[in-house]
Amino acid sequence: MVDRSGGNLRAAVVGTGLIGGSVLLRLRERGADVTGWDPDAATRAQGRARGIPFPDELADAVRDRDVVFLCGPLSSLPETLLIVAKHTGPDCVVTDVGSTKGGVATFAAAQGLTGRFVPGHPMAGAERAGLTAAVPELLDGAAWVLCPTAEGIERFRTLAALIIDVFGARIVPMAPDAHDAAAALASHIPHLLAGSLAGAVADADLRDAVLGLAAGSFRDGTRVAGTPAARTVDMLLNNRDQVLAQLGRVTGLLDRLAAALRAGDAAALVGHYQRARELRLALLDRELPPVVRDFSLGGDVDGELGYLLSLGAAGGHLTGCRVAAGTVTYTGHLPTAPA
């Protein structure tokens, strides 16, 4: 792996829990010159024990890096971004992995950092936590949201190419508000549903009987309830408006299903579950053929940005981003039919 100047890529990962630790381990596995940093001294010691440089000071971890991944809690991102921007050069690409994008994108714009900072969110994870739970393959092949802007389009190209190369990820370009609306349904509300189901059983007289009968549906339906509580709450509060707005869709449908059940309306119930089944099958068997698009590096940035954002909004992704001979070439994928 090489950076733009032809040497080993110099990367830093700030916050080395499950996601950050997995990013760090994968970068090291691919030959990057990578440093880690974590606010917890014990975690820094764990990293050093694995042969990875973990300076005690954040500034020392990010200085002279080509790319920095911010992987701490959502509430820590604004302050951390300012520190990292202060101690890195203007050519350093900075990104994050937080599960909401609107707040950090707005903060970066207010601080004049849009040209250096590319908000990101890899759609992967597990209910485990900490560097000891991290594995280098956790994010391989993930749908990885990046939020491009006209001012930061060069950084987006660099970062997209890097993530595709290192993780084999599917880059999903999205505007921050579009991401937050979609993530509310794709990720955040499932945490509410899992917590509700698990909480109802925890309070039930039949608790132990339910656990004795629990099979795939209960295990799958409550899996994310095993996520550390503080991490879940941080995510929900940082996307509160979108979660509440999209939750209305879910609760409205639950009310209609309950009404159909009370009325014994089999046709309404069958119709709902047929639509639900079709969506589930579409998730498992989507066809997204590749289409190559070229844009001149000195040309229509608005056209390039429009293409990228429309691709993500339509359920598509990128598997290629190559800059050569004054041209950026994207390999994009779009669903062959609406999901």
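Everything numeric in this text was worked out from a predicted model, so none of it was measured.
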Excluding sequence neighbours, so at least two apart, what forms side-chain contact (heavy atoms from CB on, under 4.5 Å) with [X]?
| X | answer |
| --- | --- |
| V233 | L237 |
| A108 | L81, L113, F117 |
| R219 | none |

Side-chain ion pair, R28 and D33, N-O less than 4.0 Å
no
Does any pair with a residue in [range] pass salt bridge (Lys or Arg N to Asp or Glu O under 4.0 Å), and if so which ones, sequence neighbours excluded?
| range | value |
| --- | --- |
| residues 294-318 | R157-E304 |
| residues 171-199 | none |
| residues 51-63 | R44-D56, R48-D56, D60-R63 |

Contacts under 3.5 angstrom, residues 12-24 side chains, donor-acceptor by atom type, not counting sequence neighbours:
unit_1, atom_1, unit_2, atom_2, d
T16, OG1, D38, OD2, 3.2
S22, OG, L18, O, 2.7
S22, OG, V135, N, 3.2
S22, OG, V135, O, 3.1

Contacts of F156 that satisfy ring-ring contact (aromatic ring centres under 6.0 Å, His included) - sequence neighbours left out:
none
Would you mind listing every side chain to side chain donor-acceptor pair (under 3.5 Å) that reaches into residues 305-322, with sequence neighbours excluded?
T319-H333
Scan for side chain to side chain donor-acceptor pair (under 3.5 Å) pairs involving residues 240-256, sequence neighbours excluded, and state none if there are none.
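Listed once each, the pairs are Q246-R249.
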For R116, enumerate each residue passing the salt bridge (charged side-chain N to carboxylate O under 4.0 Å, His left out) test, keeping only those at least two apart in sequence or located in another chain.
none
Greater than 12 external heavy atoms within 6.0 Å of Q111's CD:
yes
Could you pull out the closest heavy-atom pair between T336 and P289, with the gap in Å?
CG2-CD, 3.2 Å
Donor-acceptor pairs under 3.5 Å, side chain of residues 186-195 to any protein atom, not counting sequence neighbours: which ones?
unit_1, atom_1, unit_2, atom_2, d
H188, ND1, N239, ND2, 3.1
H188, NE2, S99, O, 3.3
H191, ND1, S187, O, 2.9

